[in-house]
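Inspection log for the structure reproduced underneath, given as structure tokens.
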Amino acid sequence: MSTQDIFAALRARTVAALAELLPDQPAEAFARVQMEPPRDPAHGDMATNAALVVAKAARQAPPKLAAALAEKLAALPEVESAAPAGPGFVNLRLREDFLRAQLPVILTAGESYGDGSVGAGRRVDVEYVSANPTGPMHVGHCRGAVVGDALANLLRKAGWDVTKEYYINDAGAQVLALAYAAYWRYLQALGTTLTEDEYAQSIPGGLQYRGDYLIPVGEALKARFGDSLAEPGGMPAGPSHWLDTVRDVTVEMMMQAIREDLAALGVQQDVFVSERALIESGKLEEAERLLAAKGLIYTGVLEPPKGKTPEDWEPRPQELFRATQFGDEVDRPLRKSDGSGTYFANDIANHLHKIERGFGELVHVWGADHGGYVKRMQAAVAALSDGKVTLDVVLTQIVHVVKDGQPVRMSKRAGTYVTLRDLIDEVGKDAVRFTMLTRKADAQMEFDLDKVVEQSRDNPVFYVQYAHARCRSVLRQAGDPSAAELAAAPLGALADPAELALIRRLASWPRTVEAAAQAREPHRIAFFLHDLAGDFHVLWNKGREDATLRFIRGDEPEATRARLALVAATATVIRSGLAVMGVTPVEEMR
RNA sequence: GCGCCCUUAGCUCAGCCGGAUAGAGCAUCGGAUUUCUAAUCCGUUGGUCGGGGGUUCGAGUCCCUCAGGGCGCGCCA
């Protein structure tokens, strides 16, 4: 629990009071006690369900217990008043000076305000993006990248020891197809007389990647290897002569492009793990031995999927993992008929690698099309770690890009799809990141290119940035007093309901961080900032109507300092939240 | 056929591991501009929380069921 979290602090007070009222109850009896902001602000600043949740064990009527508890809580130094309410709640109204005292806490902590300890330093691996290295990133990858990055930041802020990871899917068939496609660009660079169709027909699977982005790869291959990878005249040589080389160079160049795309989005991952390197190191066999030793692998024949049997279905004995023992619907195959690992098997190797590196918690951000894959992966992690390591999967739904009211069509095959870079160039990194976090991950979203650059209240990016810019504008006009100076200011002048409302919001930041981190829901940060910006805009406009509420008042230096402390604290919390989202705060609007 | 996710105001969405009279924004309509940028703010209208059943002192939230939408279902990753 963060000591900055006033809800946690009052909850602790409540539990202590309960323990005095009910000396016979064990400490566990109070586990479900919560201290929350009531939905209706008229009920006060905080409400606790304490009497409701312990009444049964204590054999007391909830309202009666609530009344006794309220009496004790009312005597606390932080509390103005406490009253039993409803079926057994206790509503608390906090003393204004206690609320105001949160401002120096914020100003002293700076952007570290809200840093939590709920993660308790536990090591968590957050894997996200993990786009196949077969081309530049497109908008479809964008949401997962932003959600994953913000979630990792959020967990870090809440006290986890976070590693940001990218898993390079460089072992599958599509990477070979990529190499064939890059080789075509290489032949072109050499001036081949072959047509694209002739080449496409000569290779397994046809020419799958026709985008222009492979042209520089072809030229790079030519620059590096001359014509040594081809027959004279730019004619194709046997794959054994070039395939590994071309694949390696191409994947390397694609990963370079992806890293640049990610950097443009403000994403910097700590670890890049190559699927191929993992497999070549024997990690899959190691995982199989481990699972076999636990009796979790056998050879069997799966039933065909009901209702939609593939054309070429035939019963076939396969090496299967007993996923059903861990809650999955069927046991899952580990080997293809050619003996190589299935995608699932390779991913087991990947997860074994994570477990061996000592992570106690694993988090993945996947597209919703991988939803059917979650249970089996969780089964594998449970099996490999004997249930000691958890795997959480955050699924992100499709993003539809819209411009001028029309959906923007994507066609990867034609090479005309909207790249991530296009999107960033069009609306900017900050708008992309913020907007991607204005929805729950698991809800489809429309990304309206016109809306996200609009400078109006409709656009939450703008609305929040504008609030920060206004804060900075006020502080600049006041000569940019230091946080330390403001932290020492007397704050008694802050008594208007709008000012106190803003302080309450600021004081709920640590709690918001903690709850969002535990729920793995970074979008809550965006909503919090939107609400906070709203509170600030309200106060700003009150100053317009009532001159005594202006931030800077020449005739009242003490009130001015108090309000500057409030403004500086607001700016600090906005920056703190934007940092989690990976969005740069702006100093002024232009 | 089976599994997972979703369904909340006219629209786009929140709703904090069950808590009090379900909240924002947009749209509608009405109002605030000698300023610390009105790019903002205030007020107003609007909901059987998809339908039905169950658990509970209490359900938008948990369970069952039905309907509608999305995704997936052995050698694609």
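In what follows, chains carry the letters A, B, and so on, assigned in the order in which the sequence lines appear, proteins first and then strands, with residues in each chain numbered from 1. Being a predicted model, the structure only gives us computed values, none of them experimental. As a basis for the values below, the full set of heavy atoms in this structure was taken, side chains included, without hydrogen atoms, waters or symmetry mates.
- Remark: ring of F89(A) stacked against base of A20(B); centroid gap under 5.5 Å, plane tilt under 30°.
- If you check every strand for non-hydrogen atoms under 4.0 Å, P37(A) touches a base.
- Under the 30°/60° scheme for interplanar angles, the aromatic rings of W366(A) and H370(A) are found to be tilted.
- Q60(A) places no side-chain N or O within 3.5 Å of a backbone atom of A55(A) that could act as its donor or acceptor partner.
- Judged by the 6.0 Å distance and 45° axis criteria, R520(A) is positioned over the aromatic ring of W160(A).
- Side-chain atoms of R316(A) lie closest to G74(B) of the nucleotides G15(B), C4(B), G74(B).
- Within the nucleic acid shown, A478(A) has no heavy atom closer than 4.0 Å to any nucleic acid atom.
- Comparing A20(B), C57(B), A14(B) against the side chain of L52(A) picks out C57(B) as the nearest.
- Closest approach to the R524(A) side chain among G15(B), A77(B), C36(B) is made by G15(B) (side chain taken as heavy atoms from C-beta onward).
- H43(A) qualifies as a stacking partner of the A20(B) base, centre to centre under 5.5 Å and near-parallel within 30°.
- Side chains of N132(A) and T134(A): a donor-acceptor N/O pair is absent below 3.5 angstrom, by distance only.
- The side chain of N132(A) lies closest to A77(B), out of U37(B), C4(B), A77(B).
- Proximity note for Y343(A) (side chain, C-beta onward) versus G70(B), A77(B), G74(B): the nearest is A77(B).
- Contact between the side-chain N/O atoms of K336(A) and the OP1/OP2 oxygens of G74(B) is not found at any separation under 4.0 Å.
- In the set G74(B), G15(B), C71(B), the nucleotide with an atom closest to the side chain of D369(A) is C71(B).
- Ring geometry for F344(A) against F321(A) counts as tilted: the plane angle lies between 30° and 60°, on a 0 to 90° scale.
- An aromatic stacking contact between W540(A) and the base of U40(B) is absent, as defined here by ring centres under 5.5 Å apart and ring planes under 30° from parallel.
- With C36(B), C16(B), A14(B) as the choices, the nucleotide that has an atom nearest any side-chain atom of R439(A) turns out to be A14(B).
- Within 6.0 Å of the CZ atom in R122(A), the count of heavy atoms belonging to other residues, nucleotides or ligands exceeds 12.
- Rounded to a whole angstrom, the distance from the C1' atom of G25(B) to that of G15(B) is 15 Å.
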Under a 4.0 Å heavy-atom criterion, the protein footprint on nucleotides 41-46 of chain B, written with B, S and -, is SS----
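- S130(A) contributes atom OG, which lies 7.5 Å from atom CD of E165(A) (distance to the nearest 0.5 angstrom).
- Using a 4.0 Å heavy-atom distance criterion, T342(A) is classed as making no nucleic acid contact.
- The side chain of Q34(A) sits closest to C17(B) out of C17(B), G74(B), A14(B).
- Spacing of P atoms, C11(B) relative to G54(B), comes out at 30 Å, to the nearest Å.
- Of the candidates G15(B), A14(B), C36(B), the closest approach to any side-chain atom of V474(A) belongs to C36(B).
- If you check every strand for non-hydrogen atoms under 4.0 Å, A85(A) touches a base.
- Look at the C1' atom in both U45(B) and G31(B): the space between them is 15 Å, to the nearest Å.
- Each of U12(B), C71(B), U40(B) was ranked by its minimum atom distance to the side chain of R470(A); first place goes to U40(B).
- Heavy atoms of R335(A) sit nowhere under 4.0 angstrom from any nucleic acid atom.
- A gap of 42 Å separates the C1' atoms of C64(B) and U44(B), to the nearest Å.
- Note on H523(A): only backbone sugar-phosphate atoms sit closer than 4.0 angstrom, heavy atoms only; bases stay farther off.
- Other residues, nucleotides and ligands place more than 12 heavy atoms under 6.0 Å from the CD atom of E280(A).
- Taking the ring centroids of Y167(A) and H364(A), they lie at or beyond the 6.0 Å cut-off.
- Under 3.5 Å, the side chain of N91(A) and the base of A20(B) form at least one donor-acceptor pair of N or O atoms.
- Put simply, R550(A) has a side-chain N or O that comes within less than 4.0 Å of OP1 or OP2 on C36(B).
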